[in-house]
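First comes the structure, then the notes that go with it.
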Amino acid sequence: PYVSSGANKRGKDQVSSPILELNQLQRFLEQVSHPDLALLVLSLLSTLFNVARDDPSTELMSMYTSVWPTGLSTNPSIVDKNVQDIIDGVLAAYMRRFPKDVNVLQTAADLQYANSNYRSALAIYVEVVALKTDFFEQPIDGSVLNDGCVNRMVRCCTEIGRLIQAAVLSQFSQEPNYAQVFKYLEDR
């Protein structure tokens with residue numbers, strides 16, 4: 001009485017490769033054209049990146065982190081290289097599609113920072129601040145530049161040997177570490 005159709009089953013000669021499936025997933029995610037949906041996808045990929053990397057100092061920040069499950073860190077199938085490849089491709093597509101979206105740019109800057117590309121990260125962080133302040137026509141306050149972003153920009157400057165810029169950027173912190181600022185100025 002119950003007849004099963006073989007139409008939805010894979011035959012022995014139709015073995016699917018995980019690499020092929022990841023490429024298909026990436027191409028699908030790159031096609032997202034609605035800005036809010038793109039931010040949701042970036043949030044998911046950021047969460048997967050953070051789980052795979054498991055380094056709180058280089059976490060990618062995103063708007064919708066609260067919508068994703070917290071038990072992902074116990075999943076061994078989340079591979080750092082696979083997540084990195086997907087987020088690189090999807091982020092590149094979104095930066096072409098949404099070049100002035102500060103959330104997309106923030107994720108790009110965080111990804112550069114996480115991969116120790118400090119010069120690129122700093123350039124993108126500055127671009128984010130420029131967009132948020134209408135190219136520095138509005139004041140820079142805590143809503144534009146939070147302490148996490150300031151600390152990352154300061155670290156970028158110190159890593160590329162720009163200690164004066166690190167000292168100046170430190171002043172944007174809610175509670176500047178003046179001992180560290182004076183050390184930057186002494187080491188210059």
Side-chain angles (χ1 to χ4, degrees), residues 7-132 145-156 159-160:
N8 291 331
K9 296 182 181 178
R10 291 186 183 152
K12 291 181 183 176
D13 58 339
Q14 295 178 331
V15 177
S16 178
S17 161
I19 301 298
L20 182 61
E21 289 176 8
L22 286 175
N23 288 339
Q24 290 172 339
L25 172 66
Q26 180 177 335
R27 282 196 308 274
F28 172 74
L29 294 176
E30 287 173 0
Q31 298 303 313
V32 172
S33 60
H34 192 278
D36 291 334
L37 186 55
L39 293 180
L40 190 64
V41 168
L42 278 181
S43 175
L44 170 65
L45 293 175
S46 297
T47 300
L48 291 174
F49 179 87
N50 294 340
V51 166
R53 187 64 65 97
D54 195 26
D55 181 6
S57 68
T58 61
E59 282 193 350
L60 305 184
M61 306 301 166
S62 66
M63 306 181 61
Y64 302 114
T65 54
S66 62
V67 300
W68 307 115
T70 56
L72 291 175
S73 59
T74 60
N75 190 339
S77 64
I78 300 175
V79 180
D80 186 25
K81 183 187 178 331
N82 293 344
V83 175
Q84 178 76 44
D85 291 344
I86 291 174
I87 199 168
D88 283 341
V90 170
L91 194 54
Y94 290 174
M95 286 182 70
R96 285 189 302 274
R97 188 166 287 126
F98 313 109
K100 302 294 184 209
D101 189 309
V102 293
N103 295 306
V104 172
L105 290 171
Q106 180 77 41
T107 303
D110 288 345
L111 185 63
Q112 293 297 320
Y113 180 85
N115 290 325
S116 301
N117 299 327
Y118 298 111
R119 191 174 302 274
S120 297
L122 182 60
I124 300 171
Y125 283 131
V126 170
E127 186 176 352
V128 168
V129 174
L131 288 171
K132 285 183 173 181
L145 199 57
N146 63 31
D147 275 354
C149 189
V150 169
N151 292 337
R152 286 182 177 203
M153 291 175 77
V154 168
R155 169 109 189 269
C156 288
E159 291 291 333
I160 62 175

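For reference, positions follow the sequence shown, starting with 1.
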Hey, what do you get for [atom1] ([X]) to [atom2] ([Y]), rounding to the nearest 0.5 Å?
{"X": "Leu42", "Y": "Gln106", "atom1": "CG", "atom2": "CD", "result": "11.5 Å"}
{"X": "Ile86", "Y": "Leu45", "atom1": "CD1", "atom2": "CG", "result": "7.0 Å"}
{"X": "Gln31", "Y": "Gln26", "atom1": "CD", "atom2": "CD", "result": "11.0 Å"}
{"X": "Leu60", "Y": "Asn50", "atom1": "CG", "atom2": "CG", "result": "5.0 Å"}
{"X": "Asn82", "Y": "Leu25", "atom1": "CG", "atom2": "CG", "result": "10.5 Å"}
{"X": "Leu122", "Y": "Asn117", "atom1": "CG", "atom2": "CG", "result": "12.5 Å"}

Looking only at non-hydrogen atoms, find the nearest pair between [X] and [Y] and report the distance.
{"X": "Met95", "Y": "Ala108", "result": "SD-CB, 3.5 Å"}
{"X": "Ala38", "Y": "Val32", "result": "N-CG1, 3.6 Å"}
{"X": "Leu48", "Y": "Val83", "result": "C-CG1, 3.9 Å"}
{"X": "Cys156", "Y": "Tyr113", "result": "SG-CD1, 3.7 Å"}
{"X": "Gln112", "Y": "Ser120", "result": "OE1-CB, 3.6 Å"}
{"X": "Ser33", "Y": "Arg97", "result": "CA-CD, 3.8 Å"}

Heavy-atom distance under 4.5 Å between the side chains of [X] and [Y], does that happen here?
{"X": "Leu111", "Y": "Asp88", "result": "yes"}
{"X": "Glu59", "Y": "Arg53", "result": "no"}
{"X": "Met61", "Y": "Cys149", "result": "no"}
{"X": "Asn23", "Y": "Arg27", "result": "yes"}

Report task. Please identify each residue that fulfils salt bridge (Lys or Arg N to Asp or Glu O under 4.0 Å) with Lys81, with sequence neighbours left out. Result -> Asp85

Query raised in the report: Quick one: salt bridge (Lys or Arg N to Asp or Glu O under 4.0 Å) pairs with a partner in residues 145-154, sequence neighbours left out?
Result: Asp110-Arg152

**Report entry** Qualifying ring-ring contact (aromatic ring centres under 6.0 Å, His included) pairs with a residue from residues 22-61, counting only residues at least two apart or across chains
**Finding:** none

Query - Expected output: side-chain Asn146 to main-chain Gly148 donor-acceptor under 3.5 Å - result: yes

Requested in this report: Pick out which of Thr107, Leu39, Val41, Asn103 makes a side chain to side chain contact (heavy atoms under 4.5 Å, CB included) with Tyr94.
Outcome: Val41

